[in-house]
Amino acid sequence: MDAVKDFEGRVAFITGGASGAGLGQARVFGRAGVRVAIADVRADALAGAVDDLAREGVEAFPVVLDITDRAAYARAADEVEAHFGDPITLLFNTAGVNGFGSIETMTYDDFDWILGVNLGGVVNGLRTIVPRMIAAGRGGHVTSVASVGGFEGSRMTGPYSAAKAAVISLMESFALALPAHGIGVTVLCPASIRSNISEAHLTRAAADASGVLTDDAFVESLREVYAHGMDPEHLALHLKRAIERDELYAIPYPEVRDDLERTFGRILDAVPDTDELDLEGAEQRLRALARFRESARARADATGAVT
Ligand code: NAI
């Protein structure tokens, strides 16, 4: 599979394109000649983003969309393809929300909102647009924005970390399937972005009960953290390079290496070299798995399916 290197003329669908990381992507890929559609749940922010981009010479097509709404997602994709007269071949699942609060106080509403946008919204993006990309047969690239938070648990952002872990896993799975269709896959895992995510709760429908902290002092302390996050354009340039190199993981934050080493080290430490209670067990399991893989491959060869 050839990685996407020439972006000129391709059509991109960028969720969360009105702000932060998504707006940075619209700038960087727009300047590279991509025809960008920016989708966002906030119509006012979209209008502002379109104006900002136009001043910089990037003509973006705005779509008001709540990514948790599947029927609206399909309509939005139709609208974008009709507007540009070409299929979407670059998908950026960037929209996301975060909610801080102690894991033991998070409510069903909190889980539904945070998992709904960060995981459900990504699933909807993949299910709506990937089949169109495959059918169009013009290759392309699919990016989802997860988080380094997806590699470990967090007392204060439990549902968010769980959603991001699932997104990482999903992209690992798509990366096994999409190259056969000429489509690359990247999961971008940022640590901190200069963005408006401290105000994510403002996009949320009223909740009956919530453990998410939204008092002014707390939101202000979050704003201060994100004010020092990576410039979204800078992050989008890292992403562009990862796409050009067809890299599955983009984690352009040197400061997270030690934490990741500790996390993965802890996981590997749980795996024994041998199982002294069942010395033959591992061999038998591996042989059974190899037989299963062999028969699955034979079945796929017979039906012409891609494995
Ligand atoms: P942001 O708040 O500046 O931008 C996110 C955009 O998504 C907003 O414009 C918002 O209106 C939109 N959005 C929220 N819910 C939506 C929905 N249901 N449908 C459509 N659009 C919706 O935040 P940021 O930081 O740029 O976030 C982008 C991605 O980066 C998210 O997936 C976030 O989880 C991820 N991320 C952010 C980090 C940070 O430090 N800000 C760190 C790691 C990951």
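Start at 1 and go down the list; that is how both ligands and their atoms are numbered. What you are looking at is a predicted structure, and each value in this text was computed from that prediction instead of being measured.
At a heavy-atom cutoff of 4.0 Å, ligand 1 is contacted by no atom of E199, backbone or side chain. Residue-level proximity to ligand 1 for P232 is absent, since no heavy atom of it falls below 4.0 angstrom. Proximity of A146 to ligand 1, defined as any heavy-atom pair under 4.0 Å, is confined to the backbone N, CA, C and O atoms.
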Check: Under the side-chain contact (heavy atoms from CB on, under 4.5 Å) criterion, do I193 and M230 qualify, and how do the steps go?
Finding: CA-CA 4 Å; I193 309 167; M230 188 181 286; 5.5 Å; no
Check: Yes or no on salt bridge (charged side-chain N to carboxylate O under 4.0 Å, His left out) for E104 and R155, after CA distance, side-chain angles and deciding distance?
Finding: CA-CA 8 Å; E104 67 273 31; R155 188 175 163 206; 3.4 Å; yes
Next item on the list: Starting from the C-alpha separation in whole Å, work towards a yes-or-no answer on side chain to side chain donor-acceptor pair (under 3.5 Å) for S210 and D110.
Entry: CA-CA 6 Å; S210 175; D110 295 331; 2.7 Å; yes
Margin query: Run the salt bridge (charged side-chain N to carboxylate O under 4.0 Å, His left out) test on R138 and D86 for me, step by step, so that the C-alpha distance in whole Å, both residues' side-chain angles and the decisive distance to 0.1 Å come before the verdict.
Written below: CA-CA 10 Å; R138 299 193 195 176; D86 268 321; 3.1 Å; yes
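Counting only non-hydrogen atoms, the option in A18, G24, G20, G96 that gets closest to atom 5 (C) of ligand 1 is G96. Around atom 22 (C) of ligand 1, the closest heavy atom drawn from T68, V41, L202, V122 belongs to V41.
Checked by distance only, ligand 1 and D66 come closer than 3.5 Å through their nitrogen or oxygen atoms. Polar contact with ligand 1: present for A21 (N/O pair, distance under 3.5 Å).
A salt bridge between R297 and E294 is present, with a side-chain N of the basic residue lying under 4.0 Å from a carboxylate O of the acidic one. The existence of a salt bridge linking R132 and D78 is confirmed by a sub-4.0 Å separation between a basic side-chain nitrogen and an acidic carboxylate oxygen.
Nearest protein heavy-atom neighbour of atom 27 (O) of ligand 1: I197 CD1, 4.0 Å. With respect to atom 34 (O) of ligand 1, the closest heavy atom belonging to the protein is Y160 OH, 2.6 Å. Looking at atom 39 (C) of ligand 1, its nearest protein heavy atom turns out to be I193 N, 3.4 Å. Distance from atom 19 (N) of ligand 1 to its nearest protein heavy atom, with residue and atom name: I67 N, 3.0 Å. Closest protein heavy atom to atom 20 (C) of ligand 1: L65 O, 3.1 Å. Among protein heavy atoms, atom 1 (P) of ligand 1 sits closest to S19 OG, 3.5 Å. At the top of the distance list for atom 41 (N) of ligand 1, counting protein heavy atoms only, stands S195 OG, 3.2 Å. With respect to atom 9 (O) of ligand 1, the closest heavy atom belonging to the protein is D40 OD2, 2.7 Å.
The A191 neighbourhood of ligand 1 comprises atoms 40 (O), 42 (C), with distances under 4.0 Å to a heavy atom of that residue. Contact atoms of ligand 1 toward R42: 8 (C), 9 (O), 10 (C), 11 (O) (distance under 4.0 Å to a heavy atom of the residue). Per-residue contacts place T94 under 4.0 angstrom from the following atoms of ligand 1 (heavy atoms of the residue considered): 28 (C), 29 (C), 31 (C), 32 (O). For ligand 1, the atoms lying closer than 4.0 Å to a non-hydrogen atom of V145 are 29 (C), 30 (O), 32 (O), 35 (C). Atoms of ligand 1 found under 4.0 Å from any heavy atom of S147 (numbered from 1 in listed order, with element): 43 (C), 44 (C). Which parts of ligand 1 touch V97 is read off a 4.0 Å heavy-atom cut-off, strictly below it: atoms 14 (C), 15 (N). Annotation for ligand 1: atoms under 4.0 Å from non-hydrogen atoms of Y226 are 39 (C), 40 (O), 41 (N).
Using a 4.5 Å cut-off on side-chain heavy atoms (C-beta onward), M106 and V212 make contact. In this structure the side chain of E81 reaches within 4.5 angstrom of the side chain of I88, judged on heavy atoms.
Under the 4.0 angstrom criterion for non-hydrogen atoms, A45 is not in contact with ligand 1. Remark: distances from the non-hydrogen atoms of M230 to ligand 1 are all 4.0 Å or more.
Judged purely by atom type and a 3.5 angstrom limit, T68 has no side-chain atom pairing as donor or acceptor with the backbone of G116.
Proximity of the aromatic rings of F92 and F29 is defined here by a centroid distance below 6.0 angstrom, and this criterion is met. Remark: aromatic rings of F13 and Y73 are close, center separation under 6.0 Å.
Residues H228 and S192 have side chains that never bring a donor and an acceptor to within less than 3.5 angstrom of each other. A donor-acceptor pair shorter than 3.5 Å cannot be found between the side chains of R42 and T203.
Rounding to the nearest 0.5 Å places CH2 of W113 at 8.0 Å from NE2 of H201.
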